[in-house]
Amino acid sequence: MEDIHSSGELIDSAALADPSTSRIVRLKDGVEEATDGPFAEAKEQLAGYFVIDCENVERATEVAARFPDAKFAGVEVRPIMEPCGMEM
């Protein structure tokens with residue numbers, strides 16, 4: 001953490017609450033409809049996230065491999081989409 005913070009690559013990070021606290025919100029015929037979770041069908045759950053700003057996907061992969069979680073579970077690397085739909 002100290003390395004990616006001091007390099008200026010760490011933009012944001014946060015832990016996420018338990019999936020059972022999640023909620024899905026939809027608009028159905030203009031009416032808000034909310035359903036309590038959990039919803040994930042996968043065995044893995046998203047525990048938190050880090051937003052990093054680095055040169056390329058290879059550097060992002062290198063950073064992800066250094067997280068302790070990578071020793072026990074997968075660490076997903078995914079680009080962030082711009083509001084216009086293009087990857088950052």
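Heads up: numbering here begins at 1 and tracks the sequence.
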Could you pull out all residues at least two apart from [X] that satisfy side-chain contact (heavy atoms from CB on, under 4.5 Å)?
X: Ala64; answer: Val75, Val77
X: Asp12; answer: Tyr49, Val51
X: Asn56; answer: Glu58, Arg59

So, for [X] and [Y], which heavy atoms are closest and what is the spacing to 0.1 Å?
X: Val63; Y: Glu9; value: CG2-OE1, 4.3 Å
X: Ala65; Y: Ala70; value: O-CB, 3.9 Å
X: Met1; Y: Leu10; value: CE-CD2, 3.8 Å

Query raised in the report: According to the salt bridge (charged side-chain N to carboxylate O under 4.0 Å, His left out) rule, which pairs have a member within residues 66-75, sequence neighbours left out?
Result: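 Pairs touching residues 66-75 that pass the test: Asp3-Arg66.
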
Query raised in the report: Which distance, rounded to the nearest 0.5 Å, do you find between the CD1 of Ile11 and the CG of Asp53?
Result: 4.5 Å

Requested in this report: Quick one: which residue pairs count as a ring pair (Phe, Tyr, Trp, His ring centres under 6.0 Å) with a foot in residues 54-79, not counting sequence neighbours?
Outcome: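 Every pair satisfying ring pair (Phe, Tyr, Trp, His ring centres under 6.0 Å) with a residue in residues 54-79: Phe50-Phe67.
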
Requested in this report: With sequence neighbours left out, write down each residue that passes side-chain hydrogen bond (donor to acceptor under 3.5 Å, both in side chains) with Ser13, or none if nothing qualifies.
Outcome: none

Report task. Go through the structure and list residues passing salt bridge (charged side-chain N to carboxylate O under 4.0 Å, His left out) with Glu76, not counting sequence neighbours. Result -> Arg78

